2 protein chains.
Amino acid sequence: MKINLTTQRKAVYDIILQAHDHPTAADVIERLRAAGHNFAYGTVYNSLRYLTDNDLIRELKLGEAASRYDARTEDHHHIVCIKCGRVDEVMTDVPQQWMEAVAEETGYVVHEATINLEGVCPACKTSKP
Amino acid sequence: MKINLTTQRKAVYDIILQAHDHPTAADVIERLRAAGHNFAYGTVYNSLRYLTDNDLIRELKLGEAASRYDARTEDHHHIVCIKCGRVDEVMTDVPQQWMEAVAEETGYVVHEATINLEGVCPACKTSKP
DNA sequence: ATTGAATTTATACTAAATCTAAATTCAAAT
DNA sequence: ATTTGAATTTAGATTTAGTATAAATTCAAT
Ligand SMILES: [Mn+2]
Ligand SMILES: [Mn+2]
Ligand SMILES: [Zn+2]
Ligand SMILES: [Zn+2]
């Protein structure tokens with residue numbers, strides 16, 4: 001079906017497109033308010049789901065309480081700073097050979113691998129305790 | 001501090017030790033009931049947290065709603081069958097070289113990588129649609 | 001036996017997200 | 001232009017997973 005970008009969906013999409021910090025639904029609502037929009041709570045969730053289902057954005061589950069959203073739909077992974085909570089992109093892809101080893105080990109047909117890393121970001125490395 | 005395995009904590013631990021399916025807290029409560037125990041809801045959660053904090057078990061966040069628990073504390077990963085929901089172990093470790101490439105790319109000090117795979121398990125591969 | 005810290009219990013509460021039913025929007029058909 | 005109906009939005013209730021609280025209890029050390 002053709003994609004129907006209503007005012008609300010477009011506004012939500014724009015927030016995600018402009019963000020570079022993988023915002024949560026709560027972040028999105030906050031930024032919509034700041035931009036003068038005041039959509040119903042559920043509409044924002046519906047929009048995020050709609051955009052996700054239509055592959056315009058991606059939903060990230062990084063093991064935190066709330067999902068985050070990402071306008072980059074290419075295959076990539078994420079690393080979270082354990083000091084400041086910052087989330088960065090990991091474009092380096094896992095070796096195909098490793099995926100094959102997993103298929104071999106488990107007997108599964110492997111569809112995809114979601115990789116969430118943890119570490120200390122450059123800024124936090126050089127900051128006082 | 002010395003580990004204090006109360007009756008409740010021991011019973012919860014035993015359930016996890018005997019399970020090979022990475023049960024959720026709800027699964028644990030169900031199995032405790034079946035074993036004749038009827039602990040307070042919160043006690044099971046407290047016990048799971050206590051056991052996790054003391055490295056007797058591991059908490060898994062596989063991107064599903066509820067956490068799962070695992071008696072295998074060695075470093076390993078998981079693969080979920082998209083047909084039946086089964087969760088299996090992935091012992092094949094990701095190449096150290098890849099971790100180094102990620103550190104290089106992101107500038108992070110990388111502490112750990114959590115890898116959740118998805119695919120179709122051997123049983124579901126050969127079953128009717 | 002007495003004390004007190006740790007634990008368990010029952011219950012209330014929270015956070016994230018979904019569901020529901022009424023109100024609205026909006027394009028197509030008359 | 002008006003009617004129709006499907007899609008969408010809205011406000012609010014509901015669900016799920018888990019945490020917080022405060023009273024009751026357990027239990028080891030005095
Ligand atoms: Mn990203
Ligand atoms: Mn495991
Ligand atoms: Zn940081
Ligand atoms: Zn399966």
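Everything numeric in this text was worked out from a predicted model, so none of it was measured. To find a chain, count down the sequence lines: A is the first, B the second, and so on, and within it residues start at 1.
- Separating the NE2 atom of A/H37 from the P atom of D/dT10 is a distance of 11 Å, rounded to the nearest angstrom.
- Following rounding to the nearest Å, A/L48 (CG) and D/dT9 (P) show an atom-to-atom distance of 12 Å.
- Side-chain N or O atoms of B/E118 include none that pairs as donor or acceptor with a backbone N or O of B/I82 at under 3.5 Å.
- B/R58 places no side-chain N or O within 3.5 Å of a backbone atom of B/D75 that could act as its donor or acceptor partner.
- Among B/T73, B/L5, B/I16, the one residue that satisfies the side chain to side chain contact (heavy atoms under 4.5 Å, CB included) test with B/L56 is B/L5.
- A donor-acceptor pair under 3.5 Å links the side-chain atoms of A/K125 to the main chain of B/G107, judged by distance alone.
- Regarding B/L5, its CG atom lies at a distance of 17 Å from the P atom of C/dA6, rounded to whole Å.
- Straight-line distance from the CD1 atom of A/I29 to the C1' atom of C/dA15: 12 Å, rounded to whole Å.
- Checking A/T43 against A/Q8 by side-chain atom types alone, no donor-acceptor pair falls below 3.5 Å.
- Between B/N4 and C/dA6 there is no side-chain polar atom (N or O) within less than 4.0 angstrom of OP1 or OP2.
- Within the 4.5 Å cutoff, the side chain of B/T114 has no heavy atoms near those of the B/K61 side chain.
- Nucleotide D/dT10 holds its P atom 11 Å from the CG atom of A/L32, rounded to whole Å.
- The main-chain N or O of A/T24 is found under 3.5 Å from a side-chain atom of A/D27 such that the two form a donor-acceptor pair.
- In this structure, B/D53 places its CG atom 12 Å from P of C/dT7, rounding to the nearest Å.
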Distances under 3.5 Å between nitrogen or oxygen atoms of protein and nucleotides 22-30 of chain D:
none

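- The stretch residues 8-20 of chain B has no heavy atom under 4.0 angstrom from DNA chain D at all.
- At whole-Å resolution of the value, CG in A/D27 and P in C/dA16 are 10 Å apart.
- Side-chain contact between B/N4 and B/R9 is present, with heavy atoms from C-beta onward closer than 4.5 Å.
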inquiry  = Working note: B/D53 + B/R49, criterion salt bridge (Lys or Arg N to Asp or Glu O under 4.0 Å); need CA distance, chi angles, decisive distance, verdict.
reply    = CA-CA 6 Å; B/D53 289 348; B/R49 189 162 27 161; 5.5 Å; no
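- With no hydrogens or angles considered, no side-chain donor-acceptor pair links A/T52 and A/E59 at under 3.5 Å.
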Using atom names, set out every protein N or O paired with an N or O of nucleotides 14-21 of chain D below 3.5 Å, distance rounded to 0.1 Å.
unit_1 : atom_1 : unit_2 : atom_2 : d
D/dG18 : OP1    : B/S67  : N      : 3.0
D/dG18 : OP1    : B/S67  : OG     : 3.4
D/dG18 : OP2    : B/Y45  : OH     : 2.9
D/dG18 : N7     : B/Y41  : OH     : 3.2

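- Contacts of A/T6 with the nucleic acid, taken as non-hydrogen atoms under 4.0 Å apart, involve only primed sugar atoms and P, OP1 or OP2.
- One interatomic measurement links the two molecules: CG of A/L60 to P of C/dA16, which rounds to 16 Å at whole-angstrom precision.
- Between the side chain of B/R68 and the main chain of B/H22, a donor-acceptor pair closer than 3.5 Å is present.
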